[in-house]
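In what follows, chains are A, B, ... by sequence order, proteins preceding strands, each numbered from 1.
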2 protein chains.
Amino acid sequence: MNRMTAARITSPADRPQLSLRERKKIKTREAIRTATYALIEEHGYDATTIDQIAERAEVSPSTVFRYFPTKEDIVLTDEYDPIIVEELRNRPADEPWPDTVRYVMREAARAGIEGDPRAARLRSHLMVQVPAVRSRMMESMSVTGRMFCTAIGERTGRDPDSLEVRVYAMSLIGGLMETTLYWGEHGNQQDFTALLDRTLDVLQHGLSARNP
Amino acid sequence: MNRMTAARITSPADRPQLSLRERKKIKTREAIRTATYALIEEHGYDATTIDQIAERAEVSPSTVFRYFPTKEDIVLTDEYDPIIVEELRNRPADEPWPDTVRYVMREAARAGIEGDPRAARLRSHLMVQVPAVRSRMMESMSVTGRMFCTAIGERTGRDPDSLEVRVYAMSLIGGLMETTLYWGEHGNQQDFTALLDRTLDVLQHGLSARNP
DNA sequence: CATGAAATGACAGTAACTATCAAAAGCGCT
DNA sequence: AGCGCTTTTGATAGTTACTGTCATTTCATG
């Protein structure tokens, strides 16, 4: 099962060239995340405290905060952005912009979900249920939005800080956000990529005739 | 200076028919808000604590929490939504939907800004500077988004809970959010209504030829 | 192995909330 | 005006996320 996509989630064992220190860091990071996921599935988000997480991950609470600025950040790690950036750069410069977006978002979604489907599902449920997580997700997606602004700037020669570009990017982000929410609300039953396609249709063409 | 718009910010003195209790409630609510605004302008958002707010407003900290669930909510009161709902209902049913949106959003913006320009400006600055406030604003705007879903459902007969309608609404919200941010980042120099128009142009027609 | 740098843990502190309960204030009735 | 009844308030104690600091441990390097 060796998939060949550009960016992959890297496990500490995969990289012997990294120093022991670096490998340990990756390990504790993973330990904290794993502990958090497990505890949340056992007791729910709010009932899970940092102290519990620290205890199960066998680190001190201080360390937890050193690795993740907030509790929400523990569940919301964003490995997406680097993927998106790379995919954006790899697309042919003459590809129509909407096609680029569609392709890149599909890849990011695929990587995010296939990389760890269980975590992806948990995240989407937390987004639905826990306002703080949802908020944090929005913040993080708006960073992604700024990246899109830059990309649009490079592609079209527009000013990436112009109102128009920024509004375009954030409306895209808003749509994507709602798609994720929708997916989570419906128990992750539907194929996320299919939802994504419908979303991008709406964003491109507005609410046109066919859709229910 | 008696303007005749539907919803107005009501001062306690304006309504003698309200019971003493109700009038007092409005008064303390206002006192808390006023104290908060003043303190934030003096010392900044983070440096302003609930205890300070309570002290200046001459109530107990408990009372502050009774009136506002979170610190962010104190600065972000949403009187917008009721206005939007009412304006939406008042529009002729056969008006093209984009026109309705434009009209309603203009009215809401006008009410929000003219009602208390100083507060509006402070809010937009806090949105730019304080992540927590920005997050809370997004949450509150996504509620507004759900209202738009309902309105779209009534207008077009679509299922207001369908992915398409929800995505459309949230992309609208995303765009509006970014507009407010942009306005705040640029020191509230520009006419907000003009920005709003440009935003709605982008949302309707995408990034087309003319804009910089 | 010795020396410097980075990571960790322990500790103390802050501030936003939550829960509870008794005191106080407005309300309605006579 | 006085008296129950309900609502609002304040005081108090507790929880938890998060910050800052400093000594100790752990790794890197010559």
Side-chain angles (χ1 to χ4, degrees), chain A residues 12 15-33 35-36 39-40 42-77 126 130-137 139, chain B residues 12-13 15-33 35-36 39-40 42-76 126 130-137 139:
Chain A
R15 325 203 128 187
Q17 78 274 27
L18 252 53
S19 74
L20 174 55
R21 239 182 213 163
E22 295 303 317
R23 273 175 287 158
K24 272 206 168 180
K25 265 162 108 174
I26 296 178
K27 233 162 135 181
T28 53
R29 205 178 168 78
E30 271 185 9
I32 294 172
R33 274 240 179 73
T36 307
L39 283 167
I40 288 179
E42 286 172 29
H43 309 120
Y45 182 84
D46 289 326
T48 301
T49 72
I50 301 283
D51 285 1
Q52 288 174 281
I53 293 170
E55 194 185 346
R56 182 165 307 196
E58 297 185 287
V59 294
S60 77
S62 315
T63 301
V64 176
F65 284 116
R66 259 191 275 271
Y67 278 80
F68 302 95
T70 73
K71 190 174 157 188
E72 299 92 58
D73 281 289
I74 305 179
V75 317
L76 279 187
T77 179
L126 290 177
V130 185
V133 173
R134 187 167 50 242
S135 289
R136 189 64 195 77
M137 185 66 185
E139 277 293 304
Chain B
R15 326 203 126 190
Q17 78 274 26
L18 253 54
S19 72
L20 174 56
R21 245 186 212 159
E22 294 303 317
R23 273 175 288 160
K24 271 206 167 178
K25 265 164 114 175
I26 295 177
K27 234 160 133 181
T28 54
R29 205 180 169 78
E30 271 184 10
I32 294 171
R33 273 238 181 75
T36 306
L39 283 167
I40 288 180
E42 285 172 29
H43 309 120
Y45 183 83
D46 290 326
T48 300
T49 71
I50 300 284
D51 285 1
Q52 289 173 281
I53 293 170
E55 194 185 345
R56 183 165 307 195
E58 297 185 286
V59 294
S60 78
S62 316
T63 300
V64 175
F65 285 116
R66 258 192 275 272
Y67 279 79
F68 301 95
T70 73
K71 190 174 156 186
E72 299 91 57
D73 281 289
I74 306 179
V75 318
L76 279 188
L126 290 177
V130 185
V133 173
R134 187 167 50 243
S135 289
R136 189 65 195 77
M137 185 66 184
E139 277 293 305

Of the listed nucleotides ([options]), which one gets closest to any side-chain atom of [X]?
X: A/K71; options: D/dC18, D/dT16, C/dG9; value: D/dC18
X: B/L20; options: D/dA28, C/dC27, D/dG10; value: C/dC27
X: B/R21; options: D/dA17, C/dC17, D/dT6; value: D/dT6
X: A/F65; options: C/dA7, D/dT19, D/dG10; value: D/dT19

task = Could you check B/Y67 against A/Y45 and say which one's nearest nucleotide on DNA chain D is further toward the 5' end?
result = B/Y67

Under 4.0 Å: is that the gap between some side-chain N or O of [X] and OP1 or OP2 of [N]?
X: B/S62; N: D/dG10; value: no
X: A/T63; N: C/dG9; value: yes
X: A/S19; N: D/dA28; value: yes
X: A/K24; N: C/dA7; value: no

task = Begin from the C-alpha positions of B/V75 and B/V130 and carry the test side chain to side chain contact (heavy atoms under 4.5 Å, CB included) through to its verdict.
result = CA-CA 12 Å; B/V75 318; B/V130 185; over 6 Å; no

task = Record whether the side chain of B/R23 comes under 3.5 Å of the base of C/dG26 through a donor-acceptor pair of N or O atoms.
result =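 No, the side chain and the base share no sub-3.5 Å donor-acceptor pair.
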
query = Around atom CD of B/E22, are there more than 12 heavy atoms of other residues, nucleotides or ligands at under 6.0 Å?
reply = yes

